[in-house]
2 protein chains.
Amino acid sequence: MEPIRVALVEDDPDIRQSFEAILADAPGFACVQAYDNAEDAVADLLKRPSPSGEGLGLGSPDVVIMDIHLPGMSGIDAVRLLKAEMPMLQIAMCTVYEDDEHIFNALRAGANGYLLKRTSPEKLLEAISDLYHGGSPMSSEIARRVVASFQKIAVPNPELATLTAREKEILDLLAKGYLYKEIAAELFISIETVKRHIHNIYEKLHVQTRTEALNKVFRMH
Amino acid sequence: MEPIRVALVEDDPDIRQSFEAILADAPGFACVQAYDNAEDAVADLLKRPSPSGEGLGLGSPDVVIMDIHLPGMSGIDAVRLLKAEMPMLQIAMCTVYEDDEHIFNALRAGANGYLLKRTSPEKLLEAISDLYHGGSPMSSEIARRVVASFQKIAVPNPELATLTAREKEILDLLAKGYLYKEIAAELFISIETVKRHIHNIYEKLHVQTRTEALNKVFRMH
DNA sequence: TGGACAATACAACAAACGGGGGATAGCGCA
DNA sequence: TGCGCTATCCCCCGTTTGTTGTATTGTCCA
């Protein structure tokens, strides 16, 4: 069985060599490239592009372990560039940063996993294998924040709760861009009633225009 | 050392007994409750509320493993109710569903982890331990979808790319709810120019009204 | 140097929006 | 029974939005 081909991007020589040693000792893994900066890594890895995203070039690694804090270009920008050209390449960040900003920017840029540097060698190898098989390994602190981010999304607006069912129904159509007369036709009521409802909605939400109302609705979604 | 106290909510007696057996055999784990439906589980677990969220009641489990498909109330609704009263209680879903809808609804409801039923006994125990220590265990297929959801958020609309810098600037103000005359004042141009720009924007986005334009802008943000 | 494009501006007009004042009818609850 | 809330409807009026014309200026590029 072919070993999993790994590339490292890490500026600290001690850490890089330590990772290389771990990979060299582990059966089934091979460190095929190691870079100490993002510019070299991007330039070199893009030399072996997958013709149309359906596979990786011959010399390409299967998995990239990318530091975030690097001299010059950041690891996050490197991920963005690499993923744009080689979407099948599996990349995991490996860094000391565990704040939401770094985590979410990295994932938005296209990173497939996010590990903390204090990850044990066994967990690191397990993560690389997981990546290779299409998983998204995360240190448990990271998973926790990612999961927590789903709960924060819904910030219930108390103003919205004061709307009646009919008002919510009309606000929903309003948000979709329906004209007053279209709402009236949809609900089989007169346009005057639509105006009255919308007037009441605006009063409850403390807004004057449709756009302000929409911003209140979208903000918590 | 005290064992981790686990409660199960699972309607299939075979699976429930199998989980109980796994927990009974594992040192450091104890199955303290098992329910075959969500109503009983919620009613019973809420009898031991944490006074103000800072801890769990004396008879409470540390960790709950919750099925989603149950007779009557769903496991997702049960999580919502339990988390509202006992936010410190750690709950992981354990189910066969691996579609985005179920995953994200469960996480939004407050679930701390999400496991698939085909998870091996070793991984299950590891997940329970991870939960107990504040992590968010996920099967790797689940982690993959959760991470992918961060990338999908930004679906670049090619129509938006055709807008000039000035048009984007005006669209931005338009989205914030500015009136035409306010945009004119903000940018030191005439209201007629604002109308012209907005007209051009609508043409490029293939919309007729402000609200339709906003929906195009918000959709990819 | 001519053409394409972006930004600016004006005019006239129709449609849509939003505020103000009413009014009626039903429904539940004190 | 009466009060409050909700949903429904009407009129008047000014403002805002969006369309359709036309036109000037500047820039960039072939």
Side-chain angles (χ1 to χ4, degrees), chain A residues 84 154-221, chain B residues 77 81 84 154-221:
Chain A
V155 186
N157 186 328
E159 287 174 339
L160 270 189
T162 70
L163 299 182
T164 69
R166 194 57 154 176
E167 286 167 350
K168 281 180 192 160
E169 195 177 1
I170 287 174
L171 179 56
D172 186 56
L173 295 175
L174 200 66
K176 286 182 182 158
Y178 282 54
L179 302 180
Y180 284 10
K181 61 179 176 187
E182 291 173 335
I183 296 176
E186 181 79 14
L187 301 181
F188 304 106
I189 55 180
S190 101
I191 196 173
E192 292 299 328
T193 305
V194 173
K195 283 170 71 174
R196 170 55 56 192
H197 278 304
I198 289 172
H199 181 77
N200 293 337
I201 290 169
Y202 288 178
E203 251 181 4
K204 289 186 182 177
L205 299 186
H206 305 108
V207 298
Q208 262 86 1
T209 69
R210 182 193 289 235
T211 309
E212 291 176 86
L214 290 221
N215 277 309
K216 291 231 172 191
V217 172
F218 282 133
R219 189 139 326 166
M220 92 210 62
H221 162 67
Chain B
D77 290 329
L81 292 174
V155 184
N157 186 329
E159 289 174 339
L160 269 189
T162 71
L163 298 182
T164 69
R166 194 58 156 176
E167 286 167 348
K168 282 180 193 160
E169 195 177 4
I170 286 173
L171 180 56
D172 187 56
L173 296 175
L174 201 66
K176 287 182 183 159
Y178 282 53
L179 300 179
Y180 285 8
K181 62 179 175 188
E182 290 173 334
I183 297 176
E186 181 78 15
L187 301 180
F188 303 106
I189 57 181
S190 100
I191 194 173
E192 295 299 327
T193 305
V194 173
K195 284 164 76 169
R196 176 92 267 156
H197 278 304
I198 289 172
H199 182 76
N200 293 337
I201 291 169
Y202 288 177
E203 252 182 2
K204 288 185 181 177
L205 299 186
H206 304 107
V207 297
Q208 261 85 4
T209 69
R210 187 189 196 116
T211 309
E212 291 177 277
L214 290 221
N215 276 308
K216 292 231 172 193
V217 172
F218 282 134
R219 190 137 329 167
M220 92 209 64
H221 163 65

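Just so we're on the same page: letters track the sequence lines, and every chain starts at 1. All heavy atoms count here, side chains included; hydrogens, waters and symmetry mates do not.
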Quick one: Arg166(B) CZ to dT27(D) P, roughly how many Å, whole number? 16 Å
Hey, are Asp172(A) and Lys176(A) close enough for a salt bridge, meaning a charged N less than 4.0 Å from a carboxylate O? yes
Gap between atoms CD1 and C1', on Ile191(A) and dC17(C) respectively (whole Å): 9 Å
If I take atom CD in residue Glu167(A) and atom P in nucleotide dT6(D), what distance separates them, rounded to the nearest angstrom? 7 Å
Starting at atom CD1 of Ile170(B), determine the distance to atom C1' of dA6(C), rounded to an integer number of angstrom. 11 Å
Euclidean distance, atom CD1 of residue Ile189(A) to atom P of dT6(D) [Å, nearest integer]: 16 Å
Nearest 0.5 angstrom please: Gln208(B) CD to Glu203(B) CD, how far? 10.0 Å
Can you list, in residue-number order, the parts of residues 192-214 of chain A that come under 4.0 Å of DNA chain C, counting heavy atoms only? Lys195(A), Arg196(A), His199(A), Tyr202(A), Gln208(A), Thr209(A), Arg210(A)
In Å and rounded to the nearest 0.5 Å, what is the CG to OG1 distance from Leu205(A) to Thr162(A)? 6.5 Å
d(CD1, Ile183(B); P, dA7(C)) in whole Å: 15 Å
Would you indicate which nucleotide in dA16(C), dA7(C), dT8(D) comes nearest to any side-chain atom of Lys181(A)? dA16(C)
For the residue pair Val207(B) and Lys216(B), what are the closest heavy atoms and their distance? CG1-CE, 4.0 Å
Rounded distance (Å) that lies between atom P of dT16(D) and atom CD of Glu182(B): 9 Å
Whole Å only: how far is the NZ atom of Lys168(A) from the C1' atom of dT6(D)? 14 Å
CD of Glu182(B) to CG of Leu173(B), rounded to nearest 0.5 Å, is 9.5 Å
Under 4.0 Å between a side-chain N/O of Tyr180(A) and OP1 or OP2 of dG18(C), yes or no? yes
Under 3.5 Å, side chain of Tyr180(A) to main-chain N/O of Leu174(A), donor-acceptor pair present? no
Is there a donor-acceptor pair under 3.5 Å between the side chain of Asn200(A) and the backbone N or O of Leu163(A)? no
From dA7(C), dT6(D), dC17(C), nucleotide with atom closest to Thr164(A) side chain: dT6(D)
